[in-house]
Every structure is written in structure tokens, then in C-alpha cells.
Amino acid sequence: MNASPAAVSEPAPIARPAPQEWGRVRASRRSADKLLIVGCTVATALGAIVLGSILLMLIIEGVRGFTPTLFTQVTPGPGSEGGGIANAILGSLVMTVLGIVVATPVGVLAGTYLAEYGRTSQLANLIRFLNDILLSAPSILIGLFVYTLMVRPMGGYSGWAGGVALAIIATPVIVRTTEDMLRLVPGTLREAGAALGAPMSIVIRSVTWRAAQSGIVTGVLLALARIAGETAPLLFTALNNNSWFNSNLMGGVANLPVMIYQFALSPYENWRQLAWAGALLITVTILGLSIVARLVLSGPKGR
Amino acid sequence: MVALSENVALAERAPVARRNPSPVGDRLFRGAAFASALLVLLVLAGILASIAYGGWPAFREFGPGFLVSSAWNVGREQYGALVAIIGTLVSALLALVIGVPISLGIAIYLTQLCPGWARRPVAMTIELLAAVPSIIYGMWGLFVFAPLFARFVQIPVSNVVEGMPIVGTLFYAQVPSGVGVLTAGIILAIMIVPFVASITRDMLDQIPTVLRESAYGIGCTTWEVVRHVLVPQASVSIIGAVMLGLGRALGETMAVTFVIGNANRLSASIFDPGSTIASRIANEFNEADGMQLHALMALGCILFVVTFIVLIIARLLVRRAKVA
Amino acid sequence: MKPFAYALAIGVATAQIATSALALDITGAGATFPFPVYSKWAEAYRKETGNGLNYQSIGSGGGIKQIQAKTVDFGATDAPLKGEALTKDGLVQFPTVMGGVVPVVNIAGIKPGEIKLTGEVLAEIYQGKIKKWSDPKVAKLNEGVKLPDAPITAVYRSDASGTTNIFTTYLSDVSPAWKSEFGASTTVSWPTGQGGKGNEGVTAVVKQVPNAIGYVEYAYAKQNNLPVALIQNKDGQYPMPGDESFQAAAAGADWKAAPGFGISLTNQPGAKAWPITAATFILVHKNPADAARTAEVLKFFRWAYKSGDKMASDLDYVPLPDKVVSQVEDEWKSVTKDGKPVLSN
């Protein structure tokens, strides 16, 4: 079940038969082998082509929208000159950070509980299972839950509700990676810590966490990537805003995904342009985050 | 994979750290960890409760018939989940049928065929597919993929199979617009590939090298090594990975909404439009009121139950794999 | 523990900001159809007065739910609420702008406005009763136009939308069969054809599929140069869709006939009247808890009636007739707090 990237290891080089040995292999075996090689290569190429064509589409449609005002001005009205998506970028940043700030301590602690305290107990198994369900719950239903929990009682939309919705989506990702990473820490390290007389919490904080540091950071970055592009849960919680939002985050808060969703399907050229520019920006950012996450993991400590 | 095997052993061993005389900080930390874990449990319970509460009136009104009725008529307040349930299952199944072989191919390529220097960039490219936001997949599916799919697959295939028994129904597009259940299945397949491929790759990597070397040593081809050594070794774990992919495919919303065509009709052809539970909720939730809203919430409940079942199966399979 | 200390500090700091005074930015949500024009007005209003207004399109159903739940200062809906619904929730309803829905086609060699249809024919196409463009009922209306002997694909909005509501209201007006079987609603159980998500989705499918017909908002058809089909109006004429024909539809209507101006503008009499025309509506509380905010809402729309006509026309919306505007402003007097109208002067 270790889906975590940490479980990847460079396999040792394998001695494969040299090509000239084909002469001793029957034709049917040879063609089956060729077929496998071709099939696997094509499958991999397909994946790369899809990613490439998605990026190409975003660049073709989005690059024209990268004007100097994109990062400085708020979303304009339809057909208006100029304008940018500065409010949506800032709003997305604020809520994503808010979500991560809430989700990281909860997720890391819960993951620590599962890996270090709960282990194979009934309760830990139950929580582990529910966490997996939360991981694949449709995000629109999470938005709905936060609407009932926060928006209605507070009497209005807010960036706080948006942040909480994003936190609920981010937490299971962090729980999962934290647990996986902590389980990869060799037991001997813990034993060494305990042998020095350190209580369990100190062992966890200064030995286990430190050993799994890069893995946990990766989990947080992956969670960040996951929530930065979420549309559905924000629609009912943060709404959106066509201008700057209140500094106290009450009322609608602008954000990129909902902006893209509304503008991309509109009839007005300047709106669609901004939607594509926003889509390019958000995708490149998330891809960048994911690359950073993997580089962090594969750093000297990660192995 | 030294770490992993040791960690499995660790789980069964007695706790390593001393428990007693624990200072206040130690207890506090443990309490905080426990509280966080409970919070995860509470949140899911809260989500379930709020959706069950919202969906209850629809279950009460339509009874078990809700599950097997294909009606979805807002004007007459007649609702049934059948079309959406079938659409969800069929599109997810198609995603598996298309996505799993591709994922296996990628995993095999990465572990067996890829030259060492290219392994990291190729693996990263595939994993980046998981990072593309769902709405971008939807837009790509509608604007880039659907027109190509209509032109090079739907129209030629429909022309060939027209009038033939069975395939003539299954693969006949009445409206070759490029969107439909199969298109949704393909987009979902692309979305689950990075998950299934990376888990499978990890599993293949964990198989002791000596097994492969022995197989090559007695003159097996790569195909034979894969077919008779690797796949049997990793099969159960791969099924677990596939189930996790299925979980993701079932709940996917935005991308599917763009490409499935969103029709409330049962059709024998996979080229025809359909709808899934998640896409119906996304499409109609904003305008829904009264019984329609309850019916949508009830659909959400059903989706949760389906996801539950899939994950339980996945968990059991993976656990058995670990024991074996 | 350092990260947690930081997190705590950030949390405390943000909580302090949260408790600071609320600005008087008003929030509205609802109908998707007027979203562009409200955004445009809000932009101009902010420039002129410095006051902000945030309007978001979450769907008419959402708009009604949110004003009932009091999570917004005003709600917006494309389908007007009935009198009893208004009374029950203590809401005041008024129209803001009008617009039209137009059928668009993709038939090789057919230019915009070249093909003519009646309401009944349109209804039968969407019912699947007329299956081909060469059907005698279509051919009779289009003598001299070469129509293909090919199956028609009827394209509809797959997401629940006010546009669908206007379109099906019209179909129900002209076709008893449609009315009894499918009725008018934001989502319909379509018997045939293919769905597209949003105007954009419908357009994509219509462009993709030869011999398709779809329906979109007029602004959308115009901005994207989609070939429209003409529809016979109540007077038997085939007007081109546009400002003039939408205004003609509103001119003859008796707006006071329904509470909250909730009349239907579809299939109105008048030689130039476009038959699929509709107004979009705003909902506010009759006795708002926060009078100042509701007053701001009304001030905004008073400004929009006065200075927003040009902006609306530029975006292919149709301003209300002056007569209706003064009726609406009369109606605002019924929005009161402690017996006094919230909007003075």
C-alpha cells in the first residue's frame, strides 16, 4: 500500500540477454516479447503526449493573456479594457495557505498517531480506512458540508470557510503521506532514542520526524498541489469576488479556480482570455510544486 | 526496501519507547496526536451525517425504488438513481479497462525497459499527470480531445459497425459529437493512470531482483519474465492499486461533467451521452430546490456507499497481499 | 515546535483582522444569465462611487436559497418567484434587464437567419418527433432553401440553467404536448439529442455535429457569430433577434399583472417581438435585518437604471422600458425597516 514516492528505489541493474541471442528463441516467443516492448513504450509515450498536449493547449490559449496588468489589476467587467486577475491570485494564495496552515498540524499529528501510537489497533485501522474514504470523497460534497457548518451559521460566505474546505481536502493527503513516511523510518532509530532515556514524544519529534522530514514536506507540498486547483468546494464556501475582498476575509473572496470556471464559459473575449491565462498560471504553478515536492524527496535525505 | 520490511515487523513488535514515567509534555503530545486522528474521524462522520440528513426525504419518498428507477423529471418531481448509478459504474469500468493496461505498460516500461538515465524524468512526467487540475482535464477533453475523438474514432467506427448485431449497438454513435460515456471513461483513465502506474511500479520494484535474474538466467524473454514472474508476484497488490484508482474515478466531478454529455437516458451504446452521480450533482445542485435537492443528496449518499465498498475490497486485497 | 508556534501566531493575527470592522461591500449571488452585465455595472459603479458590489453566478436556485438563508444581501433569479413564495419568505422582487434566447444551427450552406421555424416545429424537433431537416413541416416554412435529408441533432444545456427555463417556457407556451410532457424548468428530462455544459458546451457540440440545432443566450450567439434560426412570433412574423425585437416583446407586456413583476415575456404580441425573450430578477428582503446594506443594494440598482443602459446594450442585454423602471422604484417603497423605507429620497 505504499503509494508514496519514497517507496521507489533504483533497482539493481539486471543482466538481460544480449540481442544476438534472438537466434535461439522461437518466433512466437520473440513476437510476444516485441509486442510487450512496443506496447509498454507506446503506453508511456501516450502519457507523455497527453501531458504535452494539455500544456500546449494552455500555452497556445493562455500566453496571449499574460499582459503586464495580469498581476496588478482586478478582474474587469466583460469587454472592458485591461484588467487582470490579481485579486484571484491573492485570494487563492490566502485560502490555500490558510488550508495548509490548518491541515499540516492536524495531518502530521494524525499521521503520527497512526504510525507511532495507534499502529494496528482497531481504532487506528478505522481511522486509516476513513482517511482513505475522505481522500476520494467528491470535493463538491465537502464544500457542501462546510457550507452547512460555517457559511450558514456565520451568515455569509467567507475566505475562512473556503480555507477550512481546502483544509479538509488537504488533511487526508498529509495524514497518508506522513504515516507512510514514518513507517519507513527504521525501528532501530527509535530504539536508539528510547535507549538514551528519551520519552516517546521526544523520540518522535527529534528522531522519527527528523528522519522522515523530507517525506513529510513532500506530503504537504502534494496536498498544496491538490487544493490549489479545487473549484467545487470553493463555489459554496468562498464564493468569488469580482474585485478586492475584505481584509478580514468576510464576504466573497476571489479565487482562481472559480474565476476560470465562470470566465471560460462566458461569451466575452477578454474574460475568456483571462480564464486561459489563469488556467495556464495555475497548472504551471501546481506542476512546479509537484516537481519541487519530488526533488525534495529525492534529495540526499530522502533515500 | 529494507526500511519497509522492517516497518512491517515493527508493527507487530512491542512499543519501543518507555511509557512510564512520562512527563506532562509527553502526554500532551500523545493527546494532541490522538485528538487530530479523532478529528479526521469526526469530519468524515459530519460529512456523512449532513449528506444523509439532506438525502433522507428522497429515500423516504421514493423508497428502495429510488435505486432502480430511471426517471429524473424535475417538472413532475420524479427521481431515480439508476441512470446515474449505471453511468458512474460504466464510466469507471471503462476507465479501468483502458487505464489499467496503460498503467501496467508504463510501470513495466519504467522498471524493465527504460534506460537508467531516462527513468527519473519519465516517471516524473507520468506523475505530473496527477497534478493537472480536474477542470483543466475537462477543458482539454471538451476542446481538444472530443473533436479528434469524433473525427477519428466515432465517425469511422459508427460507419463500419452500423447495422451489425451487438457491436452495431454498442459502438454506434447517433450523434458523433465526441462527448459521451466512452469519452468520459478515457479522460478518467488518463486521470487514474498516474496513481495506478506509480503504485504498480513500486510493487514491481519490491520484487527481489534475484527472482528476475533467475528467470532471465534460464533464457526467458522480457515478456515471459513479466508474465510468469512479475505479474503473479505483484498481482494482488496491483488489484489493490486498481481499486484505489477506481475510487478516484467514481468521485471525479469536474472533468466528467464537461465530456459525458449529461443525458438522463439509458443507452446501449458507449458512444452515447450519459451521466454520473458526481456530474449530476455538479450540474444541478446550484439550481436545485425541494425534492430535487434531496434527490441529489441521496445520490451523494449512494456514491459514498459505493466508494466505501470499493475501498473495503481494496483494503482487504492489499492486506492479504501483505500477509502473503 | 517552531512551525506550530508560527502557525499559532498567524492564526491569532488573522483572527484579529477578522474581528475588525466590516466594510459595506454588498454581496449578491444567483442567476448566471445577468452575471456579465452585473459585473460590468459593479465595475463602473465602483469607479464612480467607490462602493463595491460583489455579484457571483451560482445559479438562480442558489440565489433564491441564499437570500432565504440570508447569506447574501440580494439574490438573483432568472425564473421569477410566484406571489405566494414572495410573501412566505418576505421578499421583494424586481426585474433589472432583459435578454433573449436564440436557436443556432449548423447546416452546411445555411447562412444566419436563413432558416425559419415555428414554435411548434421547434418543440417537435426537441421532442424527437421531427427527425430530419427534410421533414415536410420544416420544408413548408423554408421554400427555396435547400435543406439536407439528414437527421437533426437537438442540443441542450446539460447543466441546470435559466436559459433552459426560458427556452422551455416558450416551448410550453406554444406546444401543449411539450407542456404536458416536459414542462418548463431549469432541467428537463430531454427525450432526444445531446447535452452541452454551459453556452460554451452547447456551442461546441453544435459546431462539432453537422445538422445540429441548439439554443444559447443571444449575447453568446452574437459574440461568436453563430448562425441563428428565425422563429415565428405571435403575429406570424419572423423578426431578427436583437435589441429592437427584444424591446418590442417587452413593450406590450403588462408588468403589473403578476406580483413582483413576475410575468413571462415569451411569445408576446407585436409584429417585431422576438418570441423567446425574458427578464431577470433581483430579490431582497422586505424587512431586512440590516437596512443599510439593503439600501446600498437598491442604490446600486437605481444607479444602474439611470446610468447603466448603454453598458447593458453594449453587452447585448436590453434595458427595461422607462415606465417599468418607475414602477419598480415605487415598489421599493415597500422595503422598510421599522416602518420606514430603507431607501430615502
Side-chain angles (χ1 to χ4, degrees), chain A residues 1-3 7-9 11-12 14-16 29 32-33 36-37 39-41 43-44 47-48 50-51 53-54 57 106 109-110 112-113 117 119-120 127 130-134 136 138 140-141 145 148 168 183-184 186-187 190-191 194 199-201 203 225 229 231-232 279 283 286-287 290 294, chain B residues 3 6-7 10-11 16-18 22-23 25-26 29-30 32-34 36-37 39-41 43-44 46-47 50-51 102 105-106 108-109 113 124-126 128-129 131-133 135-136 140 144 190 193 199 202 205 209 212-213 216 221-223 247-248 251 253-254 278 281-282 300 307 311 318:
Chain A
M1 273 295 270
N2 272 297
V8 188
S9 72
I14 299 156
R16 263 201 282 152
R29 293 177 62 199
D33 192 63
L36 174 84
I37 293 174
C40 292
T41 314
T44 313
V50 168
L51 184 69
S53 89
I54 289 174
M57 167 190 85
V106 174
L109 283 173
T112 306
Y113 175 80
Y117 293 105
R119 292 156 187 248
T120 49
I127 292 174
L130 291 181
N131 189 63
D132 274 358
I133 290 183
L134 207 50
S136 49
I140 196 165
L141 296 179
F145 170 65
T148 328
I168 294 181
R183 286 174 144 232
L184 288 177
R190 296 186 185 89
E191 282 163 1
M200 196 157 174
S201 64
V203 173
T231 314
T283 309
I286 295 177
L287 292 187
S290 307
R294 279 164 179 87
Chain B
E6 224 166 282
N7 132 60
L10 180 77
V16 288
R18 283 190 306 173
S22 64
D26 198 39
F29 183 80
R30 193 196 156 99
F34 184 64
S36 301
L39 194 63
V40 172
L41 199 145
V43 164
L44 191 80
I47 293 175
S50 72
I51 290 158
I102 293 180
I106 291 173
I108 292 168
Y109 179 83
L113 306 170
M124 198 178 266
T125 307
I126 299 303
L128 284 185
L129 279 174
V132 176
I135 185 171
I136 306 289
W140 180 79
V144 178
I190 297 170
V193 158
I199 299 176
D202 291 353
D205 269 346
T209 314
R212 276 183 280 174
E213 281 175 347
Y216 281 125
T221 61
T222 311
W223 159 249
R248 160 131 196 178
T253 314
M254 278 300 175
I281 295 176
T307 316
L311 281 175
V318 172

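Note on naming: letters A, B, ... go to the chains in the order of the sequence lines (proteins, then strands), and numbering restarts at 1 for each one.
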Closest approach of [X] and [Y], non-hydrogen atoms and distance?
| X | Y | answer |
| --- | --- | --- |
| B:V144 | A:M57 | CG2-SD, 3.4 Å |
| B:A131 | A:S290 | CB-OG, 3.2 Å |
| B:W140 | A:S53 | NE1-OG, 2.7 Å |
| A:G47 | B:L129 | O-CD1, 3.8 Å |
| A:Y113 | B:A33 | CB-O, 3.5 Å |

So which part of A:I168 gets closer than 4.5 Å to some heavy atom of chain B, the side chain, the backbone, both or neither?
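Contact with chain B: side chain only.
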
Sub-4.5 Å side-chain heavy-atom contact between B:L113 and A:I37:
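Side chain of B:L113 against side chain of A:I37, heavy atoms only: contact under 4.5 Å found.
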
Heavy-atom check, side chain of A:L134 versus side chain of B:I47, under 4.5 Å
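A side-chain contact exists here, since the closest heavy-atom pair is under 4.5 Å.
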
Interatomic distance, [X] atom [atom1] to [Y] atom [atom2] [nearest 0.5 angstrom]:
| X | Y | atom1 | atom2 | answer |
| --- | --- | --- | --- | --- |
| A:I127 | B:L39 | CD1 | CG | 10.0 Å |
| B:M124 | A:L287 | CE | CG | 11.0 Å |
| A:L51 | B:T125 | CG | OG1 | 6.5 Å |

Give a yes or no answer on whether the side chain of A:D33 reaches the backbone of B:W223 with a donor-acceptor pair at less than 3.5 Å.
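Side chain of A:D33 to backbone of B:W223, a donor-acceptor pair under 3.5 Å: yes, one is there.
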
Any donor-acceptor N/O pair, B:D26 side chain to A:P199 backbone, under 3.5 Å
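Not at all, since once roles are kept as given, no pair shorter than 3.5 Å links the two residues.
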
Residue that, paired with A:I54, satisfies side chain to side chain contact (heavy atoms under 4.5 Å, CB included) out of B:L128, B:I190, B:I136
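Only match with A:I54 under side chain to side chain contact (heavy atoms under 4.5 Å, CB included): B:I136.
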
Under the rule for side chain to side chain donor-acceptor pair (under 3.5 Å), what residues qualify as partners of A:T41, not counting sequence neighbours?
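By the side chain to side chain donor-acceptor pair (under 3.5 Å) rule, A:T41 matches no residue at all.
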
Considering only heavy atoms and a distance below 4.5 Å, find which of A:C40, A:G229, A:A48 pairs most often with chain B.
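Among the listed options, the one with the most contacts to chain B is A:C40.
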
Against chain A, label B:L41 side chain, backbone, both or neither, depending on which of its atoms sit under 4.5 Å from a heavy atom there.
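Both the backbone and the side chain of B:L41 come within 4.5 Å of chain A.
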
Could you list the residues that satisfy side-chain contact (heavy atoms from CB on, under 4.5 Å) with B:A32, not counting sequence neighbours?
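Partners of B:A32 under the side-chain contact (heavy atoms from CB on, under 4.5 Å) test: A:L109.
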
Begin with the C-alpha distance, continue with both residues' side-chain angles, and end with the deciding distance and a verdict on side-chain contact (heavy atoms from CB on, under 4.5 Å) for A:L141 and B:I51.
CA-CA 8 Å; A:L141 296 179; B:I51 290 158; 3.7 Å; yes

